[in-house]
Enquirer: 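Sharing a structure here in structure tokens format.
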Amino acid sequence: MKQHVPPVDQIERILQGNKAHARRTLEADPEFFKGYADKQRPGVLWIGCADSRVPETTISDSKPGEIFVHRNIANVVNTDEVGANSVLDFAVGNVKVQKIVVCGHTNCGGAAAALGDANLGPNLNKWIEPLRELRKSHQGELDKLKTDYLRGLRVVELNVQRSVKNVKANATVQQAMKGRGLTVHGFVYDIPTGELRALDTAE
Amino acid sequence: MDSPTIQPIPRYLQQSHERIFENNRKWVASKREADPAFFEKLSAGQTPEYLYIGCSDSRVPANEIMGLDAGEVFVHRNIANLVPNTDLNVMSVINYAVRHLHVKHIVVCGHYNCGGVKAALTPADMGILNPWLRNIRDVYRLHEKELDGIEDKDAKYNRLIELNTIESCRNIMKTAAVQQSYQKNQYPIVHGWVFDLHDGLLKDLKFDFEETLEGIMKIYQLE
Ligand SMILES: [Zn+2]
Ligand SMILES: [Zn+2]
């Protein structure tokens with residue numbers, strides 16, 4: 001059981017954390033906020049899981065302003081879904097990122113749920129349907145693995161590959177790949193060690 | 001699946017690519033030094049108290065601006081921190097965070113100088129972005145009188161950013177997950193904030209959660 005903390009204190013803690021962050025930023029670079037509001041120039045679009053243990057800027061030790069971000073349940077990208085495709089269009093067409101990273105992770109709740117068919121309610125059932133499809137189409141391969149942890153991890157990898165493929169199906173992304181060398185990459189973040197590794201997603 | 005083959009990556013991209021991995025290793029080392037069991041604890045599961053819904057904008061990194069560490073906040077970020085009523089993407093996030101993770105607070109965080117809101121104020125055909133940005137134009141329509149009354153262009157833009165953030169809060173409160181959990185547990189509480197890129201500070205829009213929820217439930221109540 002989590003210890004119950006009065007709600008007011010939890011919010012106060014964030015607001016104090018914010019003040020401390022702003023102060024530290026200025027201490028490190030008194031000019032940091034000059035021109036910061038005018039334009040963003042991130043090199044990377046990160047599409048990751050909403051999981052609290054995988055904060056993109058923190059785990060890649062990046063600075064604010066370096067990574068444009070979309071995070072959803074299990075880093076799913078579908079070709080016909082407006083939310084993620086709006087992010088792709090804006091990041092590639094307007095902000096002009098140079099690379100796109102799709103990052104899955106070990107211990108992913110979405111992938112674990114996709115190993116079975118438990119009813120998660122209509123929203124979540126629908127959202128993780130692609131992962132369940134991947135599980136079914138790779139059942140033989142998954143059966144050979146020894147633990148649910150490994151089966152879940154394999155679904156994570158397959159899902160990253162699927163999302164990478166769907167990112168590359170976006171028309172704006174395709175144009176930028178041909179026109180200015182935009183590249184798309186698949187990563188997996190390993191929670192037990194904190195380390196990122198690249199998946200081979202070239203086609 | 002297509003059979004994987006290895007393709008050479010251009011050198012300048014290779015470099016920025018490697019930097020992410022290099023920085024990641026540095027971060028791991030510093031975390032381990034401060035707390036050798038840090039990753040072991042995270043492997044056991046996540047128990048975040050907060051769900052954060054914010055803009056994709058690179059200048060507004062959730063954990064950093066709130067001073068929270070890995071494992072403390074569940075995060076959804078899209079263009080202009082929208083919560084469209086029929087968007088499965090954000091709805092599945094809210095559902096999971098409320099029903100499975102039992103978060104105590106949901107923070108919607110907009111930010112001044114939001115490019116998404118600016119695009120919605122600009123009469124241009126944005127292709128696939130049109131239906132997405134239309135949600136922001138709907139917020140304008142809901143507050144047409146107030147916004148039309150603001151002469152100064154920047155002040156109008158800033159106010160739309162605030163109203164758009166509050167609209168997302170309202171849409172969260174319309175969900176069955178939030179209404180049912182609140183009735184049973186008195187949480188989650190929904191907060192609307194705006195991040196200011198000029199000084200790095202968060203501004204609480206301070207709308208009255210209980211009062212707003214009551215108003216919403218008059219029309220949208222889901223037992
Ligand atoms: Zn996950
Ligand atoms: Zn924005």
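What you see is a predicted model; the values in this text were computed from it and never measured. We name chains A, B, ... by the order of the sequence lines, and we start the count at 1 in each one. The figures here come from the full heavy-atom set of this structure, side chains too, leaving out hydrogens, waters and symmetry mates.
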Enquirer: Minimum heavy-atom separation for A/H21 and B/I65, please, with both atom names.
Expert: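 Answer, listing the atom of A/H21 first, then B/I65: CD2-CA, 4.0 Å.
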Enquirer: Got more than 12 heavy atoms from elsewhere within 6.0 Å of CD, A/Q16?
Expert: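 Above 12, so yes.
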Enquirer: So which residue, B/G71, B/A119, B/A70, ends up with the most heavy-atom pairs under 4.5 Å with chain A?
Expert: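 Max contact count across the listed options: B/G71.
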Enquirer: If I measure from the heavy atoms of chain B, does A/F32 come under 4.5 Å with its side chain, its backbone, both, or neither?
Expert: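 Contact with chain B involves no heavy atom of A/F32 at all.
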Enquirer: Using the ring-ring contact (aromatic ring centres under 6.0 Å, His included) rule, collect all pairs that involve residues 75-107 of chain A, keeping only residues at least two apart or in two chains.
Expert: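 Every pair satisfying ring-ring contact (aromatic ring centres under 6.0 Å, His included) with a residue in residues 75-107 of chain A: there are none.
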Enquirer: Would you name the heavy atoms of A/N18 and B/F195 that are closest together and state the gap between them?
Expert: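 Closest approach of A/N18 to B/F195, heavy atoms only: ND2-CE1, 4.1 Å.
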Enquirer: Could you tell me the separation between the CG atom of B/N113 and the CG atom of A/D38, rounded to the nearest 0.5 Å?
Expert: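 Output value for this atom pair is 7.5 Å.
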Enquirer: Working to the nearest 0.5 Å, report the span between NZ of A/K34 and NE2 of B/H198.
Expert: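 Here the interatomic distance stands at 12.5 Å.
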Enquirer: Return the option, out of A/A50, A/G35, A/G43, A/G121, with the maximum number of heavy-atom pairs under 4.5 Å with chain B.
Expert: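 The residue among A/A50, A/G35, A/G43, A/G121 with the greatest pair count is A/A50.
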Enquirer: Pick one of side chain, backbone, both or neither for B/H111, based on which atoms fall under 4.5 Å of a heavy atom in chain A.
Expert: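 The answer is neither part of B/H111.
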Enquirer: Is it the case that over 12 heavy atoms from other parts of the model lie below 6.0 angstrom from the NZ atom of B/K174?
Expert: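 Yes, enclosed.
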Enquirer: Has A/E133 got more than 12 heavy atoms of other residues, nucleotides or ligands less than 6.0 Å from its CD?
Expert: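 Result for CD/A/E133: enclosed.
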Enquirer: Against chain B, work out which of A/G83, A/P192, A/A22 has the most heavy-atom pairs shorter than 4.5 Å and name it.
Expert: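 Winner by heavy-atom pair count: A/P192.
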Enquirer: Would B/R59 and A/E66 pass as an ion pair if we require N to O under 4.0 Å?
Expert: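 Looking at B/R59 and A/E66, the cut-off is not met.
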Enquirer: Which atoms of B/R99 are under 4.5 Å from chain A, going by heavy atoms: the side chain, the backbone, both sets, or neither?
Expert: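 Neither part.
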Enquirer: Out of curiosity, B/L197 CG to A/Q40 CD, how far, rounded to the nearest 0.5 Å?
Expert: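 So the gap between those two atoms works out to 9.0 Å.
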Enquirer: Give me the atom names and distance for the closest heavy-atom approach of B/N63 to A/P55.
Expert: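 Distance-wise, the nearest heavy atoms are OD1-CB, 3.3 Å.
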Enquirer: Less than 3.5 Å apart, which donor and acceptor atoms pair up between the side chains of residues 73-80 of chain A and the rest of the protein, not counting sequence neighbours?
Expert:
unit_1: A/N78; atom_1: OD1; unit_2: A/R162; atom_2: NH1; d: 3.0
unit_1: A/N78; atom_1: OD1; unit_2: A/R162; atom_2: NH2; d: 2.8

Enquirer: How many angstroms lie between OG1 in A/T57 and CG in B/N23, if you round to the nearest 0.5 Å?
Expert: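 The distance works out to 11.5 Å.
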Enquirer: To the nearest 0.5 angstrom, please state how far the CG atom of B/N78 sits from the OG atom of A/S86.
Expert: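 B/N78 CG to A/S86 OG: 8.5 Å, rounded to 0.5 Å.
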Enquirer: Kindly indicate whether the side chain of A/L15, heavy atoms from C-beta on, has any atom under 4.5 Å from the side chain of B/W193.
Expert: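 When only atoms from C-beta onward are counted, B/W193 and A/L15 do touch, with a gap below 4.5 Å.
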Enquirer: A/K126 and B/L88: which non-hydrogen atoms are nearest, and at how many Å?
Expert: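 Scanning both residues, the minimum pair turns out to be CG-CD2, 3.2 Å.
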Enquirer: Select one option (side chain, backbone, both, neither) describing which atoms of A/N107 are under 4.5 Å from chain B's heavy atoms.
Expert: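 The answer is the side chain of A/N107.
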Enquirer: side-chain contact (heavy atoms from CB on, under 4.5 Å) between B/L68 and A/R13: does it pass, once the steps are laid out?
Expert: CA-CA 9 Å; B/L68 294 177; A/R13 193 186 145 216; 3.5 Å; yes
Enquirer: Looking only at the side chains, is there a donor atom on one of A/E195 and B/N24 sitting less than 3.5 Å from an acceptor on the other?
Expert: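 No, no side-chain donor-acceptor contact under 3.5 Å.
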Enquirer: Measure across B/I20 and A/S60 and return the closest heavy-atom pair with its distance rounded to 0.1 Å.
Expert: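 For B/I20 and A/S60, the tightest heavy-atom pair comes out as CG2-CB, 3.9 Å.
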Enquirer: Heavy-atom cut-off 4.5 Å, strictly under: side chain, backbone, both or neither for A/R24 against chain B?
Expert: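 Looking at A/R24, nothing touches chain B.
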Enquirer: By a 4.5 Å heavy-atom criterion (distance strictly below it), what part of B/V73 contacts chain A: side chain, backbone, both, or neither?
Expert: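 For B/V73, backbone heavy atoms alone lie under 4.5 Å from chain A.
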Enquirer: Please collect all ring-ring contact (aromatic ring centres under 6.0 Å, His included) contacts where either partner lies in residues 40-77 of chain B, sequence neighbours excluded, each pair once.
Expert: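 Sorted result for residues 40-77 of chain B: A/H70-B/H76, B/Y50-B/H105, B/F74-B/Y96.
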Enquirer: When you compare the side chains of B/E64 and A/T58, does any donor N or O come within less than 3.5 Å of an acceptor on the partner?
Expert: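 Present: a donor and an acceptor within the cut-off.
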Enquirer: Got more than 12 heavy atoms from elsewhere within 6.0 Å of CD, A/Q139?
Expert: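 Above 12, so yes.
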Enquirer: Looking at B/P84, B/S58, B/G67, B/A44, which makes the most heavy-atom pairs under 4.5 Å with chain A?
Expert: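 So the answer, after comparing B/P84, B/S58, B/G67, B/A44, is B/S58.
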Enquirer: Side chains of A/T193 and B/R32: closer than 4.5 Å at any heavy-atom pair?
Expert: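 SC-SC contact between A/T193 and B/R32 confirmed.
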Enquirer: Heavy-atom pairs under 4.5 Å with chain B: which of A/R197, A/R53, A/K39 has the most?
Expert: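 With the most close heavy-atom pairs to chain B, the winner is A/R53.
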Enquirer: The test is side-chain contact (heavy atoms from CB on, under 4.5 Å); show your working for B/I79 and A/F68 and say whether it passes.
Expert: CA-CA 10 Å; B/I79 303 294; A/F68 199 80; 3.8 Å; yes
Enquirer: Give the minimum heavy-atom separation between A/V82 and B/P131, together with the two atoms involved.
Expert: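 Shortest heavy-atom separation between A/V82 and B/P131 comes out as CG1-CG, 4.3 Å.
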Enquirer: For atom CZ of B/F38, is the number of surrounding heavy atoms from other residues, nucleotides or ligands below 6.0 Å larger than 12?
Expert: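 Yes, enclosed.
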Enquirer: Given a strict heavy-atom distance threshold of 4.5 Å, which part of B/Y112 is in contact with chain A: side chain, backbone, both, or neither?
Expert: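 Nothing of B/Y112, per the 4.5 Å heavy-atom cut-off to chain A.
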Enquirer: Given A/D89 and B/M126, is the side-chain contact (heavy atoms from CB on, under 4.5 Å) satisfied, shown in steps?
Expert: CA-CA 9 Å; A/D89 261 58; B/M126 304 277 287; over 6 Å; no
Enquirer: Top residue by heavy-atom pair count (under 4.5 Å) with chain A, among B/M66, B/Q46, B/E72?
Expert: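 Sorted descending by pairs with chain A, the first entry is B/Q46.
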Enquirer: Under 4.5 Å, heavy atom to heavy atom, which residues of residues 200-212 of chain B contact chain A?
Expert: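 Within residues 200-212 of chain B, the residues that come under 4.5 Å of chain A (heavy atoms only) are B/G200, B/L201, B/L202.
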Enquirer: I need the residue from A/G48, A/G109, A/P64 with the largest number of non-hydrogen atom pairs under 4.5 Å to chain B.
Expert: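 With the most close heavy-atom pairs to chain B, the winner is A/P64.
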Enquirer: How long is the gap from CG on B/L101 to OG on A/S52, to the nearest 0.5 Å?
Expert: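 One gets 7.5 Å once the value is rounded to the nearest 0.5 Å.
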Enquirer: Could you tell me which portion of B/D87 (side chain, backbone, both or neither) has an atom closer than 4.5 angstrom to a non-hydrogen atom of chain A?
Expert: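 Only the side chain of B/D87 comes within 4.5 Å of chain A.
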